[in-house]
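Accompanying notes for the structure given below.
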Amino acid sequence: MDGLNGFDADLGYLALALPFIAAVLAPLLTRVMKSHAAWLLALAPAGAFWIFLSGLREVAEGTVHRFGFEWIASFGIDFSFRLDGLSLVFALLITGIGTLIILYAGGYMKGHKDQGRFLSFMLMFMGAMLGLVLADDLMALFVYWELTSITSFLLIGFDHTREKARRGAVQALVITGGGGLALLAGFIVIREVTGLNSMSEILAAGDMLRESAAYVPILFLVLCGAFTKSAQMPLHVWLPNAMEAPTPVSAYLHSATMVKAGVYLLMRMQPALGDTALWMTILPAFGGVTLVMGALLAVRATDIKITLAYTTVASLGLLVMLIGVSSETAIIGATLYLIAHSLFKGGLFMVAGSVDHGAHTREIGKLGGLARSMPVTFLAAMLCALSMGGVTPFIGFLAKEEIYHAVEYADPYYIAIAAAAILGNALMFAAAFIVALKPFVGSMPADIHDPHEGELRIWLGPLVLGVLSVVAGLYYGVYHEFFSSPMASAAYGEAVEIDIGWVPHLNLAFALSMATIALGIAIYVGSAALRAVLSRMLAAIGWGPDMGFDQAMRGLVRFASKVTNLIQSGRLDYYMTTVVVAVVVALFASMWLADGFPEMPTIPQIKIYEWIVLGLILLGILAVVIAKDRLTAIVSLGIQGFAVALIFMLQGAPDLAFTQFMVETLSVVILALVMTRLKLSPADHRPLREKLPDALLALAGGAGFGLFLLAVIQTPFDSTLSDFFERYSYAIAHGRNIVNVILVDFRGVDTMGEIAVVMTTGLAVLALIRIRVGRRGERTIDPLEKTP
């Protein structure tokens, strides 16, 4: 690993482990301290935040910290991590906002019987996301990537008694998990093409990837993973349905964690995969459509959380569109907007939860006049909405100005992107104030009773994030030096200096910004009419990706059912025939493909007593075939086993012979006992035409095994393994019986597993016997009989 340049690797490991440690302790602490446990649990992300903050200056100066250790050395896979401007800002957002979210969850979920479980899931989710943005090795990144999908499944489906929550969780897992598998395939292809495993090495070998013949499949697979995670249309449907999760989950998932994972991956890999015609076409196309459609659906929604969810879809589309442009200014705009979005979206979601907590509804049409009862929440909502609307001096203004700087070119490509950005930002401006203004102004509906401000933990988070949105804009020099410039430099692949401030300049970007605000105000005023039009349009269309997901899942279940019914017919004879056919094909095919079909192996010299044993085996087979009932066939089947045991004894293996005698005896006795409970005759009632194919198949199987074994024993004997066991059985395991040493020491884990299987089977048999005996011992009780 590279030098750590002053960054303490042990503290880095501790920061990664703290959320998981807190997750383990959460149920116990919550049981003891109730909702107050959140104050103690919040120390874990706060401690991790402080650790990452300690490396801020060095990273701002261009230092890249790497730390880790070998994981799977034989494959060259390390458990390694990379801390640069991009991963550091993400880590600070994850842990900083995570601290506020844990406190918020403590107040919001107060009194919930499963609060400990909820906080544990939240902290596991936090740890997974933290590992994802810091991971340097591709396989380590994938592990954390899938862990975020699993933990988000647990969080979205937290209220598992509701069908909508279960459906939302399954939908999120299917879509993001499927994208994760595509991403894994992409990582494997990258490894095969470049021979590299770490992101640091891949970023330095970007030309190798872009010039590779495998660039197109690599790009496709990576984009599948990123687009599913960051909800690009038409793969966005899981994100609005994830609103079935409690509000703390929504606030955290949309601000700093899961939905940003795909954007993080695109920003991280932009220096290696970006700046190509495909990259600059696919990303802006998907991002632009997602931006506009997500913003339209946000204005159409009437539930505060659903409105915010669709604005997140739109924001993710905007970020993907900017990353696709790939210019320095576009990457700067994406960086500024990502940080701004994390702050205002986390705050607005917590405001939504506060409104629901205080007014007991999230329906915008049923809310109003809450500013008097919830002044702090209203202040936080307005601060976040002003940043989301791109009003100076908030950092949302800096982001919007830089976005328009990136597209101010008289070229059809940039004009189309600028049009999508203006329309999308205007719609999101309207949605921001629909959420932050309408519930708080006007007269209060009669249905709302006793609205009230939440406790400190509920309003602290949104207020802090809203204040940070304006403080960062006012002190933009410090903000750029330590946060936005290092992050943009890592995403762009070269050193970037950002100097945009909150003071407006009379230029094209400012004019576009003012046009966006004017259009946003117009949309806000006419939002009711626009909502009605959009609702009628969607009703006329009818079908959508969400319905398509249900249809796809039903089709998959029907297909799986048909395949299962075809393959798993319930007929044991079909299963046995299939297995034997597969074995026969494998035997003859292997001999044929080895080097043409080998010459017929010679039969070794057999002594007279060995011929006698073989005769016994043949007699036993004949007895099984001609037996008139099943019990006779089972007893006759034991002849083969005893004959094989005789061969073991004659060949000088009495211990194996004894084992074979025991196994065969027990097998015959147990089978006979079972068969006495069944109808034992006739043995085989089928006509000859049905028996003949099975007989031929049996002969083919026997011939195949015989030829195969004869061919094997006539090849030169390789004594390497035998010599190894002979040499080391006594020296290492101190045993003279080589077979026993192999079973107990060299393959002791296998033997332990076999013993566990036998023990489990024995316990199951014992339980069944006890149930059977217990039932026999039951007697019918007369209901009129007096109880003694």
Side-chain angles (χ1 to χ4, degrees), residues 1-23 44-56 58-60 62-71 77-99 123-149 151 180 183 187 197-203 225-226 229 252 256-258 260-272 335 338-339 342 483 486-487 489-491:
M1 292 295 175
D2 297 341
L4 298 177
N5 300 312
F7 183 80
D8 193 332
D10 291 335
L11 286 178
Y13 294 130
L14 177 61
L16 286 162
L18 277 173
F20 292 109
I21 295 172
F49 178 84
W50 184 257
I51 290 171
F52 291 121
L53 198 65
S54 66
L56 191 62
E58 288 182 342
V59 171
T63 302
V64 177
H65 300 297
R66 295 184 65 219
F67 58 99
F69 51 87
E70 285 188 348
W71 184 15
I77 297 175
D78 298 330
F79 206 68
S80 57
F81 303 93
R82 174 188 175 95
L83 191 68
D84 60 3
L86 181 61
S87 56
L88 177 60
V89 172
F90 265 98
L92 290 172
L93 290 172
I94 291 164
T95 54
I97 297 177
T99 302
L123 289 160
M124 283 193 291
F125 182 52
M126 184 187 302
M129 189 66 198
L130 195 59
L132 188 156
V133 300
L134 290 173
D136 189 41
D137 188 272
L138 295 181
M139 291 302 108
L141 191 155
F142 171 74
V143 169
Y144 282 114
W145 183 280
E146 290 299 271
L147 190 56
T148 61
S149 295
T151 49
L183 181 64
F187 284 168
N197 295 316
S198 75
M199 196 66 75
S200 299
E201 296 170 329
I202 290 167
L203 295 178
K229 208 76 160 183
Y252 196 42
T257 52
M258 182 162 162
K260 296 282 177 54
V263 171
Y264 165 79
L265 181 68
L266 295 176
M267 294 181 101
R268 172 61 77 199
M269 302 202 74
Q270 195 278 145
T335 299
L338 187 145
I339 299 173
S342 296
F483 299 97
M487 184 179 185
S489 299

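- Taken from OG1 in Thr148 to CD in Glu146, the straight-line distance is 7.0 Å, to the nearest 0.5 Å.
- The heavy-atom pair separating Ala490 from Gly85 by the smallest distance is CB-N, 4.2 Å.
- Across all non-hydrogen atoms, the minimal contact from Leu338 to Lys260 is O-NZ, 3.9 Å.
- Rounding to the nearest 0.5 angstrom, the gap separating the CG atom in Leu123 from the CE atom in Met126 is 5.0 Å.
- Between the Lys229 side chain and the Gly180 main chain, no donor and acceptor come within less than 3.5 Å of each other.
- Interatomic distance, Met129 CE to Thr151 OG1, rounded to the nearest 0.5 Å: 10.0 Å.
- Under the 4.5 Å side-chain criterion, counting only non-hydrogen atoms from C-beta, Leu88 is not in contact with Phe483.
- In this structure, the separation between CH2 on Trp50 and CG on Leu92 is 11.5 Å, given to the nearest 0.5 Å.
- With contacts defined as side-chain heavy-atom distances shorter than 4.5 Å, the pair Leu83/Phe52 qualifies.
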- Task: Report the C-alpha distance between Ile51 and Leu11 in whole Å, list the side-chain angles of each, state the deciding distance to 0.1 Å, and finish with yes or no for side-chain contact (heavy atoms from CB on, under 4.5 Å).
- Result: CA-CA 7 Å; Ile51 290 171; Leu11 286 178; 3.9 Å; yes
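- Considering only heavy atoms from C-beta on, Arg268 comes within 4.5 Å of Leu203 through its side chain.
- Here OG of Ser198 is found 11.5 Å from CG of Leu141. Values are rounded to the nearest 0.5 Å.
- Nearest heavy atoms, Phe187 versus Met139: CB-CE, 3.9 Å.
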- Output, in order, the C-alpha distance, side-chain angles, deciding distance and verdict of side-chain hydrogen bond (donor to acceptor under 3.5 Å, both in side chains) for Ser200 and Asp136. CA-CA 7 Å; Ser200 299; Asp136 189 41; 3.0 Å; yes
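- The backbone N or O of Asp78 sits less than 3.5 Å from a side-chain atom of Asp137, completing a donor-acceptor pair.
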- Check against side-chain contact (heavy atoms from CB on, under 4.5 Å), Ser80 and Met199: CA-CA 10 Å; Ser80 57; Met199 196 66 75; over 6 Å; no
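- The pair Arg66-Asp84 fails the salt-bridge criterion, with no side-chain N (NZ, NE, NH1 or NH2) lying under 4.0 Å from an Asp/Glu carboxylate O.
- In plain terms, the two heavy atoms of Val133 and Ser87 that are nearest each other are O-CB, 3.1 Å.
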- Message: Set out, in order, the CA-CA distance, both residues' side-chain angles and the distance that settles side-chain contact (heavy atoms from CB on, under 4.5 Å) for Arg82 and His65, then state yes or no.
- Response: CA-CA 6 Å; Arg82 174 188 175 95; His65 300 297; over 6 Å; no
- Message: Using side-chain contact (heavy atoms from CB on, under 4.5 Å), reason through Leu14 and Leu18 one step at a time and then give a plain yes or no.
- Response: CA-CA 6 Å; Leu14 177 61; Leu18 277 173; 4.0 Å; yes
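- A side-chain donor-acceptor contact under 3.5 Å links Gln270 to the backbone of Ala491.
- Rounding to the nearest 0.5 Å gives a distance of 5.0 Å between CG of Leu16 and CG of Leu130.
- Side-chain contact between Asn197 and Ile202 is absent, with no heavy atoms from C-beta onward closer than 4.5 Å.
- Taking both residues in full, the closest heavy atoms of Gly225 and Leu183 are given as CA-CB, 4.2 Å, listed atom of the first, atom of the second, then distance.
- Thr99 places a side-chain N or O within donor-acceptor distance of the main-chain N or O of Thr95, the cut-off being under 3.5 Å.
- Among all heavy-atom pairs drawn from Ala140 and Ala135, the shortest one is C-CB, 4.0 Å.
- Using a 30° and 60° split on the angle between ring planes, Tyr144 and Phe79 fall in the tilted class, from 30° to 60°.
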